[in-house]
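Keep in mind it's a predicted model, so treat the numbers as computed, not measured. Below, chains carry the letters A, B, ... as their sequence lines are ordered, and counting in each starts from 1.
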Number of protein chains: 2
Amino acid sequence: MKHIKFYSDGSCLGNPGPGGYAAILCYQSHDGQEHEKTVEGYQANTTNNQMELQAVISGLRALREPCQIDLYTDSNYLKNGITSWIHQWKRNGWKTSNKKPVANRDYWVELDALARNHQINWHWVKAHNGHIMNERCDEAARKQAYLAKEQSQA
Amino acid sequence: MKHIKFYSDGSCLGNPGPGGYAAILCYQSHDGQEHEKTVEGYQANTTNNQMELQAVISGLRALREPCQIDLYTDSNYLKNGITSWIHQWKRNGWKTSNKKPVANRDYWVELDALARNHQINWHWVKAHNGHIMNERCDEAARKQAYLAKEQSQA
RNA sequence: GGACACCAACUUCG
DNA sequence: CGAAGTTGGTGTCC
């Protein structure tokens, strides 16, 4: 299996508001060369957490084969959601611990389906704390968010 | 009641670092003459916001009777803090909206006690935007900050 | 009650 | 260009 380092981040101006996301995927080909692929996009009206989810969903969609992935996010919501909370949600009909419907259910379902094809190690990194790749994702996602803002003003 | 125009500003080299503050108080005596009083000072290690608070505290301390004051500051932090946020802080045990302890609590408590003796109209003015008196305060406060720096180097 | 993130605003500086 | 001092708010979960 290819081993991939997968960095992701989302941004949302105003929250809710125009948002963007970015994922950077790094891997080595057979001859030992480093490769890097960036996946990014934006949405006119969204939330910070939706963009964090979308970043990973879009990155995983770009993979054509099962991979072993080290995935880095600064979102506790995202990491805990997919590694822990989701098991309970599937069991209890997608209810929060306060019995309210889980938000962003569609995103979680799609993320779960995509993640199933790979072996993912989830890593949480603190935002704006000197992690170079996380900061690159942050900048790319923010740039996309500003694109979304311009589009919606035009 | 005496009517006073009260201009204040703070400065802090490095932030945190050596800082200074200045308040300029203008009023008319009975015979219609204009008077002006400047209060200033410095501190070896402080923050920009502490100096903004200290400027007003020191100016108010200089008053010997209750006055009607038009007070001008360029600090949104200062104006919103004393006119709006402080009510919630007193109610909830001085917690920030993120549940962390409010910073500079001692300054806020003293400012609140002093302000209570007067009738103050708070005005926010944009910094470095041509307001003559605000710029005079700015220069005086900066001068004090450099004094603090010299002292700490000596 | 806790945690993470996303923003908004002002100021102070380097 | 960069960071720090500070606050308010929302998105989300346990």
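- Toward the 5' end of DNA chain D, the nearer of the two residues B:Gln50 and B:Asn98, judged by each one's closest nucleotide, is B:Gln50.
- The CG atom of A:Asp74 sits 18 Å away from the P atom of D:dG11 (whole-angstrom rounding).
- Side-chain N or O atoms of B:Glu135 include one that pairs as donor or acceptor with a backbone N or O of B:Gly130 at under 3.5 Å.
- Here the nucleotide nearest the side chain of B:Asn49, chosen from C:C7, D:dT10, D:dG5, is D:dG5.
- Checking C:A8, C:A5, D:dT6 against the side-chain heavy atoms of B:Thr47 singles out D:dT6 as nearest.
- Within 4.0 Å (heavy atoms only), A:Asn134 reaches no atom of the nucleic acid at all.
- As rounded to whole Å, 16 Å separates atom C1' of C:G1 from atom NZ of B:Lys100.
- Using modelled atom types, one side-chain atom of B:His118 and one backbone atom of B:Cys67 make a donor-acceptor pair closer than 3.5 Å.
- Distances shown here put a side-chain N or O of A:Ser97 below 4.0 Å from the OP1 or OP2 atom of D:dC14.
- Using a 4.0 Å cut-off, no side-chain N or O of A:Arg142 falls inside it from OP1 or OP2 of C:C6.
- Backbone-only engagement by A:Asn104 is indicated by non-hydrogen atom pairs under 4.0 Å involving sugar-phosphate atoms exclusively.
- For A:Pro16, taking side-chain heavy atoms from C-beta onward, the closest of the listed nucleotides C:C6, D:dA4, D:dG11 is D:dG11.
- Distance B:Ile86 CD1 to D:dT7 P: 13 Å, rounded to the nearest Å.
- Defined by atom type and a distance below 3.5 Å, a donor-acceptor pair is missing between the side-chain atoms of B:Gln33 and B:Ser29.
- Considering only side-chain atoms of A:Ala103, the nucleotide from C:C6, D:dT12, C:U11 that sits closest is D:dT12.
- Aromatic ring orientation, A:Trp94 versus A:Trp89: tilted (interplanar angle from 30° to 60°).
- If you take CG of B:Asn15 and C1' of C:U11, they are 9 Å apart, rounded to a whole angstrom.
- Residue A:Trp89 is in sugar-phosphate contact alone, with no base atom involved, counting any heavy-atom pair closer than 4.0 Å across all strands shown.
- Judged by distance alone, the side chain of B:Thr73 and the main-chain N or O of B:Ser75 form a donor-acceptor pair under 3.5 Å.
- When the P atom of C:G2 is taken as reference, atom CH2 of A:Trp85 falls 16 Å away, rounded to whole Å.
- Side-chain atoms of B:Ser152 come within 3.5 Å of backbone atoms of B:Lys149 as a donor-acceptor pair (strictly under, hydrogens ignored).
- Of the candidate nucleotides D:dC13, C:C6, C:C7, C:C6 has the atom lying nearest to any side-chain atom of A:Glu52.
- Contact between the side-chain N/O atoms of A:Ser75 and the OP1/OP2 oxygens of C:C4 is not found at any separation under 4.0 Å.
- Remark: P of D:dG8 and CH2 of B:Trp108 are 10 Å apart, rounded to the nearest angstrom.
- When rounded to the nearest whole Å, the span between CG of A:Asn80 and P of C:G2 equals 17 Å.
- Positionally, the nearest nucleotide of RNA chain C for B:Lys99 lies more toward the 5' end than for the other of A:Asn48 and B:Lys99.
- No engagement by A:Gly81 is indicated, since no non-hydrogen atom pair under 4.0 Å with the nucleic acid exists.
- Taking side-chain N and O atoms only, B:Thr96 has no distance below 4.0 Å to OP1 or OP2 of D:dT6.
- Within 6.0 Å of atom NZ in B:Lys90, more than 12 heavy atoms from other residues, nucleotides or ligands are found, so the atom counts as buried in its surroundings.
- B:Asn76 comes within 4.0 angstrom of sugar-phosphate atoms only, judged by non-hydrogen atoms across all strands, and of no base.
- A:Thr73 comes within contact range of no nucleotide atom at all, as no heavy-atom separation falls under 4.0 Å.
- Across all strands, A:Ser84 comes closer than 4.0 Å to no nucleic acid atom at all (heavy-atom distances).
- Heavy atoms of B:Gly10 sit under 4.0 angstrom from primed sugar atoms or phosphate atoms, though from no base atom.
- Distance CD1 (A:Ile82) to C1' (C:C4): 17 Å, rounded to an integer number of Å.
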